[in-house]
There are 2 protein chains.
Amino acid sequence: MSSCSVSAPKTPADFRSAAEVFKALGNPNRLLLLDALGQGERCVADLTSLVGLDISTVSNHLSVLRKIGMVKDERRGTQVFYSLRKACLSNLFCCLDEFQACDE
Amino acid sequence: MSSCSVSAPKTPADFRSAAEVFKALGNPNRLLLLDALGQGERCVADLTSLVGLDISTVSNHLSVLRKIGMVKDERRGTQVFYSLRKACLSNLFCCLDEFQACDE
DNA sequence: TTTGAATTTTGCAAAGTTTCAAAATAAGGC
DNA sequence: GCCTTATTTTGAAACTTTGCAAAATTCAAA
């Protein structure tokens with residue numbers, strides 16, 4: 001059990017994993033990929049024609065998203081299908097919209 | 001008035017501004033700065049001793065956060081005080097926690 | 001088992017980020 | 001006006017990210 005509610009002085013290390021997630025989301029092409037996956041699973045070739053980059057580049061973006069647990073992949077024959085792994089991802093987008101709409 | 005609810009095919013450009021916000025949050029030192037500012041306004045020197053970087057580096061991080069509207073600054077004498085500009089920023093962190101806790 | 005299709009990995013170049021140090025700016029007190 | 005303090009800007013070095021192309025891998029089908 002981790003010691004909770006003890007507000008020790010924080011260090012950059014305490015924010016490393018949060019920063020990893022935000023950094024993965026900090027690229028327009030990856031956000032477009034996530035948006036497309038919001039409609040359901042897609043194979044790499046389909047995602048590639050969607051974003052208009054080299055397929056190897058798309059494969060790399062997808063692996064960034066997979067490493068932080070945002071998407072999962074499933075091979076079926078020669079194709080690999082990607083899909084969103086976290087239902088609550090859409091919440092993050094919601095909050096971002098709120099953040100950007102907020103003028104305070 | 002912008003055309004709403006017309007789900008046109010999206011492009012990377014549609015996600016540029018969202019990506020800018022996420023990218024700004026994608027650095028542990030900046031998250032630590034934001035966390036500190038959650039307690040209230042702080043001058044640059046105080047924030048500098050907190051994160052343990054050169055003051056010029058901290059000033060740069062703060063300007064990244066200011067450019068995307070995350071913090072505001074106010075000069076009082078020779079000091080500049082920074083504070084959070086968006087109340088809903090804490091929501092974003094909440095959602096992140098949810099995201100990371102979520103195992104689906 | 002060789003071929004073909006889909007994807008990933010590797011190598012590389014260009015562009016961007018992070019950091020410190022030094023120079024520049026801003027504001028207040030003498 | 002000159003000096004001190006606080007901050008920002010600029011410049012340079014190290015490193016990371018992004019992207020393409022070519023080579024390697026994976027799998028199915030002929």
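Residue numbering restarts at 1 for every chain, and letters A, B, ... go by the order of the sequence lines. Just so it is clear, the values below take in all heavy atoms, side chains as well, and ignore hydrogens, waters and symmetry mates.
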Next item on the list: Could you tell me the separation between the CD1 atom of I55(A) and the P atom of dT9(C), rounded to a whole number of Å?
Entry: 13 Å

Margin query: Measuring only between side-chain heavy atoms, which start at C-beta, is V21(A) closer than 4.5 Å to M70(A)?
Written below: yes

Note to self: Between P on dT18(C) and CG on N29(B), what's the gap in Å once rounded to a whole number?
What the structure shows: 9 Å

Item checked: Whole angstrom value for the distance that separates C1' of dT8(C) from NZ of K67(A) -> 11 Å

Next item on the list: Determine: side-chain N/O of N27(B) to OP1/OP2 of dT17(C), distance under 4.0 Å, yes or no.
Entry: no

Check: What pair of heavy atoms forms the shortest contact from V44(B) to Y82(B), and how long is it?
Finding: CG2-CE1, 3.6 Å

Checklist line | Heavy-atom closest pair, residues P28(A) and A19(B) | finding: N-CB, 3.6 Å

Checklist line | Backbone of G77(A) reached by a side-chain donor or acceptor of R75(A) within 3.5 Å | finding: yes

Note to self: Need two values: the first and the last nucleotide of DNA chain D, 5' to 3', having an atom under 4.0 Å from any heavy-atom of chain A.
What the structure shows: dT17(D) to dA28(D)

Next item on the list: Tell me, please, which residues at least two apart from S83(B) pass side-chain contact (heavy atoms from CB on, under 4.5 Å).
Entry: E41(B), K72(B)

Checklist line | Those residues that, when tested against T57(B), pass side chain to side chain donor-acceptor pair (under 3.5 Å) (two or more places apart) | finding: none

Notebook entry, point to check: Quick one: D73(A) CG to dT7(C) C1', roughly how many Å, whole number?
Noted result: 11 Å

Check: Would a 4.5 Å heavy-atom cut-off, applied to side chains only, mark L34(B) and L84(B) as touching?
Finding: yes

Next item on the list: Measure from the side-chain heavy atoms of R30(B) and tell me the nearest of dT7(C), dT18(C), dT8(C).
Entry: dT18(C)

Checklist line | R76(B) to F81(B) six-membered ring, cation-pi geometry met (6.0 Å, 45°) | finding: yes

Notebook entry, point to check: What pairs meet the side-chain hydrogen bond (donor to acceptor under 3.5 Å, both in side chains) rule with one or both residues in residues 28-40 of chain A, with sequence neighbours excluded?
Noted result: R30(A)-H61(A), D35(A)-K10(B)

Next item on the list: May I have the distance from L31(B) (atom CG) to dT18(C) (atom P), rounded to whole angstrom?
Entry: 11 Å

Check: When all nucleic acid strands are considered with a 4.0 Å heavy-atom cut-off, which category describes Y82(A): base, sugar-phosphate, or nothing?
Finding: sugar-phosphate

Restricting both atoms to N or O, compile the protein contacts to nucleotides 21-30 of chain C shorter than 3.5 Å, with distance only.
from	atom 1	to	atom 2	distance (Å)
dA21(C)	N6	S56(B)	OG	3.0

Checklist line | Result of checking R85(B), K67(B), R66(B) against D73(B) for salt bridge (charged side-chain N to carboxylate O under 4.0 Å, His left out) | finding: R66(B)

Next item on the list: Return the residues of residues 38-48 of chain A meeting this criterion: a heavy atom under 4.0 Å from some atom of DNA chain C. Order them by number, or give none.
Entry: C43(A), V44(A), A45(A)

Notebook entry, point to check: Linking I/L/V/M/F/W/Y whenever any side-chain heavy atoms sit under 4.5 Å apart, do L65(B) and V80(B) land together?
Noted result: yes

Check: For dG16(C), does OP1 or OP2 lie under 4.0 Å from any side-chain N or O of K23(B)?
Finding: no

